[in-house]
Number of protein chains: 2
Amino acid sequence: MNNEIKSCFICNVTECSIFKKSNLEFLKLIDGKKTCITYNKNQPIIFEGSRLDGVYMINSGIAKVHVKGYKGRPLILRLIKPGDISGHLPDGQNRQPVSVTAVEETGMCFIENKEFDAMLENSVSARQELMDAVKQELKQLEMRAIQLAQMNVREKIASAILHILKSYPNNNNGKAIHINLSRQDIADLAGTTKEQVSKTISDFGKENLIEAKGRSLKLIDYKKMETIADFYKGF
Amino acid sequence: MNNEIKSCFICNVTECSIFKKSNLEFLKLIDGKKTCITYNKNQPIIFEGSRLDGVYMINSGIAKVHVKGYKGRPLILRLIKPGDISGHLPDGQNRQPVSVTAVEETGMCFIENKEFDAMLENSVSARQELMDAVKQELKQLEMRAIQLAQMNVREKIASAILHILKSYPNNNNGKAIHINLSRQDIADLAGTTKEQVSKTISDFGKENLIEAKGRSLKLIDYKKMETIADFYKGF
DNA sequence: CGGGTTATTGAGGGGCGTCAACAACCGTGG
DNA sequence: CCACGGTTGTTGACGCCCCTCAATAACCCG
């Protein structure tokens, strides 16, 4: 967990959710105020229910957004990747509604609420971008609800795999990637059990849709996979 | 669908999501600009995918928020009641992400985007309240995701019934209420089938938790019902 | 190498979706 | 007013999907 500060001006994140239109003065302001933290694999970043006096931006790596669900069972709402924002939606009592945990080694930029709020106060476009990001989250959750309610296990797992692959960079160059997610994690993402995940992934392998062995995953037939998870735009 | 304008100053909605802290000048501004519309039972108000040049506030009645889900099957995300806002979250192409349909006769106040945006522009507290309302929606959707992913049918239907009753005024005075929702609607809310809803409601009747006959519904044992839907805060 | 975690695979059974038949309800028109 | 057809609700039978349990294999890290 090193703390080397990376300047916003050399930030390699091209698709940033809320600083897309920020002008130079703005970046300058933020650049001086933020801190950068690197989290290790499986290291918790935000705890559901805790208070947090600022906002995180993912700079590198991948993290999972999850909640403690019914009877304590975890549910992974989504994976987040560079450019995504986190911790910006505390509830009325200023508590975080979700947990965030690093999946791969993950670099985070942190801005204190004071600075963040001041920024929003002063910029119409920043407010606009924040609202757009939140809308995006709502839309995504809406899709999750549909998936969980109406898909069968096979379809849900196909969707989960596609979501995972989309979260990893270079996912479509035909190379196998190593995902640091257990079968249980995939199950918690798809809304099923780890055994079903094992069996279904094995099925997908036999059908030549993917090549999967343990945590190494390679997509072979993207088209067919999307057909199974017949899920247009989104998640 | 009459269009008589009701003044904000005599508005009977006590728990309004975004005008709670609005001062008098503010109400005065809005009062002149808004229009009021009454929708009949089952009448559509907002179409998913359509464009809408303003924002609705429910003034009276009940409406369902629903989406076209997987393979066209509907999913009801939630019921909304007086004080709730709607249509305020168009996506990037200015399209509505959800449909809204009147369940009971429903009175709506409509404000054009131009006025609404101007209001937000000018008021920190209005922005705050809008953001809070959106956060609330996110939290609620999060709960829905957990329900749909992790509860069994009995639990989901118990949750759905409690949600319905909470949406109706005077739900806890021990009187039967008439809900204009079909078994299919309840199924689309709970994430199951109409037959399961019929059977489970029948079970709940035998267990003396509710008295239900057709669309008349009376809650007998709230405590026990909540235990089944063991679902603390929220939905 | 060894012990603990994780993954795989199969067997078993129950929950729940599907189908079907019947009953109840509701608005319409004769 | 009753007849009637269409929609909605109820109930049971059936069967399959998928959860659970368990045993074995593979993997990972010290």
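Just so we're on the same page: letters track the sequence lines, and every chain starts at 1.
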For [X] and [N], is the shortest distance between a side-chain N/O and OP1 or OP2 below 4.0 Å?
| X | N | answer |
| --- | --- | --- |
| A:Thr192 | D:dC18 | no |
| B:Arg183 | D:dT10 | yes |
| A:Lys194 | D:dC19 | no |
| B:Arg154 | C:dC16 | no |

Taking the side chain of [X] as heavy atoms from C-beta outward, which of [options] is closest to it?
| X | options | answer |
| --- | --- | --- |
| A:Gln196 | C:dG17, D:dC18, C:dT6 | D:dC18 |
| B:Thr193 | C:dG10, C:dT18, C:dA7 | C:dT18 |
| B:Lys199 | C:dA7, C:dG17, D:dC19 | C:dG17 |

What is the distance, to the nearest angstrom, from the [atom1] atom on [X] to the [atom2] atom on [N]?
| X | N | atom1 | atom2 | result |
| --- | --- | --- | --- | --- |
| B:Asp185 | D:dG9 | CG | P | 8 Å |
| B:Asn42 | C:dG27 | CG | P | 12 Å |
| B:Ile157 | D:dT10 | CD1 | P | 12 Å |
| A:Asn152 | C:dT18 | CG | P | 11 Å |
| A:Tyr70 | D:dC19 | OH | C1' | 16 Å |
| A:Met151 | C:dG17 | CE | C1' | 18 Å |
| B:Asp203 | D:dG9 | CG | P | 17 Å |
| B:Lys41 | D:dT8 | NZ | C1' | 15 Å |

Nearest-nucleotide 5' precedence on DNA chain D, A:Lys213 against A:Glu195:
A:Glu195

On DNA chain C, more 5' by nearest nucleotide between A:Ser198 and B:Arg73 is A:Ser198

Should the heavy atoms of other residues, nucleotides or ligands under 6.0 Å from CD of A:Gln184 be counted, would the total exceed 12?
yes

Evaluate whether atom NZ of A:Lys135 has more than 12 neighbouring non-hydrogen atoms of other residues, nucleotides or ligands under 6.0 angstrom away.
yes

N-O pairing of B:Arg154 and B:Glu207 below 4.0 Å:
yes

Go through the side-chain N and O atoms of A:Glu137 and A:His88 and say whether any donor and acceptor fall under 3.5 Å apart.
yes

Over all strands shown, is B:Ser182 touching base, sugar-phosphate only, or nothing at heavy-atom distances under 4.0 angstrom?
sugar-phosphate

Using a 3.5 Å distance criterion without hydrogens, assess whether the side chain of A:Glu155 forms a donor-acceptor pair with backbone atoms of A:Asn152.
yes

